[in-house]
Amino acid sequence: MVAIAITIVLNVIVTDLNLKIDTTAEKLYSLSANTEKVTKELKTPVNIYVLEETGKETAGLKEILNKYDKLNSNLTVTYKDPILYPTFANAYKKTSSSTVTAGSVIIENGDTGKYKVLSQTDLYGTTATDTSGVTLSSITIENAITNALGYVSTDVDGTIYYTSGHNELAIPTALKDASERANLTLTELDLLTAEMPSPDNSIVLVFSPHTDFTQEEIKKLTDFLDQGGKAMLFMDANMPELTNYNELLSYYGIAHEQGVVIETDSNYSLTSYPTYLLPAMVSHDITNSLTQSKLPVVVPFTSGIKNLNNARNGVTLTPLLSSSDQSYLKKNINPSTYEFEDGDINGPVILACC
């Protein structure tokens, strides 16, 4: 599958924009359908070790872990008091100088010994306060634990290869953090000099290039994709016309719609910010975790994707995010007015697809 997006749809903007989330106890400690599926499918024993003092366990974390524990008999949750067992965490230090601090959670495959250490930074966000006074986010905890379960239960490690040499935009911290949480390693890829990675367990990331690819580079990419490789292709509103890159997009039946999307339906944009979209989301494996979490997805200052209806055999375009039918694509990205003008394109506009 080739995943194509206009912007980082996983960079959910919450705190800075004063968006409200349901943080009731019922929602805070519930597990998503994806987590239940991953946990129930565990075939090997997995140990979850919680490094917290006896009697001082974090109530919210304990409640969430109890829900995991009940889903699969192969999964065991054990609390290890770091005062009573001061050397227990030493076996899980990556280097002699690294530390595994109190409050961390260790996920370990009982058969292979493969493990991942989740620090308090990995686990806790800022959406609600539990009965012990610790501020928690069940979404942060759940994502971290579920991703760790997936990581330790497989002997395959994935890599995201990001292209360079085409004035690509800097990869945002949000994407780097999301990749790390998903156990994916980020590695630079120079298409002019390097061999393409194996299509197995590899993703190629092209993040908003501003100078074109050579035809040889495009051939490397299409060969990689034809062999079953995966790619994430990003464009931004300021991206210039790139002939060869557009050929790659056209190969999969799409084109970059240059301009900026203006949303006039207040249900699909932030108040007073018509270029900050709250897009409609279809139900799909890619978007299900977002819809189930009920977190808002904000897509700021974005261009669009056009369906050319000419995709090669075997390729089906599935829109993931789109603006409303009251939106439009303004061709001038630096307009003097947000009003609809001649040459602008009526919505809905596809913002991300696969």
Side-chain angles (χ1 to χ4, degrees), residues 2-9 11 160-175 186 188-194 203-222 224-225 231-263 274-277 279 298-311 317 319-323 327-338 340-354:
V2 181
I4 302 172
I6 292 298
T7 188
I8 302 297
V9 299
N11 184 13
I160 295 178
Y161 294 88
Y162 61 94
T163 64
S164 60
H166 314 93
N167 286 332
E168 290 92 343
L169 297 184
I171 299 174
T173 300
L175 181 55
L186 280 169
E188 185 175 352
L189 175 65
D190 185 338
L191 287 169
L192 287 176
T193 59
I203 301 171
V204 171
L205 168 63
V206 182
F207 194 76
S208 295
H210 281 240
T211 57
D212 209 357
F213 292 71
T214 66
Q215 291 186 348
E216 290 77 11
E217 289 175 311
I218 295 299
K219 186 177 187 309
K220 279 187 174 182
L221 287 172
T222 53
F224 171 82
L225 296 169
M232 296 186 293
L233 310 178
F234 287 75
M235 292 82 75
D236 68 272
N238 290 306
M239 196 180 84
E241 186 77 21
L242 304 176
T243 302
N244 292 332
Y245 188 60
N246 286 340
E247 285 186 10
L248 175 64
L249 301 178
S250 178
Y251 185 66
Y252 291 97
I254 61 173
H256 177 215
E257 290 270 34
Q258 291 182 308
V260 59
V261 179
I262 307 297
E263 182 59 75
T275 59
Y276 278 66
L277 280 55
V298 179
V299 182
F301 199 72
T302 181
S303 50
I305 297 173
K306 182 179 181 180
N307 185 354
L308 299 177
N309 297 308
N310 66 348
L317 179 72
L320 298 176
L321 304 177
S322 64
S323 60
S327 67
Y328 51 89
L329 181 79
K330 180 163 283 296
K331 299 302 289 184
N332 181 2
I333 65 171
N334 297 301
S336 57
T337 176
Y338 282 149
F340 187 89
E341 299 176 297
D342 289 343
D344 294 344
I345 301 172
N346 285 310
V349 181
I350 300 172
L351 308 177
C353 64
C354 69

Rounded distance [0.5 Å steps], CD1 in I345 versus NZ in K306 = 7.0 Å
Value rounded to 0.5 Å, distance of NZ in K219 from CD in E247 = 13.5 Å
Separation between CG of N244 and OG of S250, rounded to the nearest 0.5 Å | 12.0 Å
Test E188 against Y162 for side-chain contact (heavy atoms from CB on, under 4.5 Å), laying out the working first.
-> CA-CA 5 Å; E188 185 175 352; Y162 61 94; 3.5 Å; yes
So, the side chain of N167 versus the backbone of T211: is there a donor-acceptor pair under 3.5 Å, distance only?
-> no
Side-chain donor/acceptor of S323 to backbone N/O of V349, under 3.5 Å = yes
Should M239 and Y245 be marked as a side-chain contact (heavy atoms from CB on, under 4.5 Å) after you check the CA-CA gap, both sets of side-chain angles, and the distance that decides it?
-> CA-CA 11 Å; M239 196 180 84; Y245 188 60; 4.0 Å; yes
Counting N and O atoms only, with roles assigned by atom type, does the side chain of N307 sit under 3.5 Å from a partner on the main chain of I254, one being a donor and the other an acceptor?
-> no
Run the side-chain contact (heavy atoms from CB on, under 4.5 Å) check on Y252 and L233 step by step: do they pass?
-> CA-CA 11 Å; Y252 291 97; L233 310 178; 5.7 Å; no
How long is the span from the CG atom in D344 to the OG atom in S327, to the nearest 0.5 Å?
-> 11.0 Å
Mind checking whether F207 and F234 have parallel, tilted or perpendicular rings, split at 30° and 60°?
-> tilted
If you draw a 6.0 Å radius around CD in E341, do more than 12 non-hydrogen atoms from other residues or ligands fall strictly inside?
-> yes
Give the C-alpha distance, both sets of side-chain angles, the deciding distance and a yes or no for side-chain contact (heavy atoms from CB on, under 4.5 Å) between L205 and I171.
-> CA-CA 10 Å; L205 168 63; I171 299 174; 3.9 Å; yes
Ignoring hydrogens and angles, tell me if any N or O in the side chain of T222 forms a donor-acceptor pair with the backbone of I218 under 3.5 Å.
-> yes
Separation of T337 OG1 from I262 CD1 (nearest 0.5 Å) = 9.0 Å
Which value, rounded to the nearest 0.5 Å, describes the distance between L191 atom CG and T214 atom OG1?
-> 8.0 Å
Would you kindly say whether H210 and N238 are connected by a side-chain donor-acceptor distance under 3.5 Å?
-> no
Checking S322 side chain against I350 main chain: does a donor-acceptor pair fall under 3.5 Å?
-> no
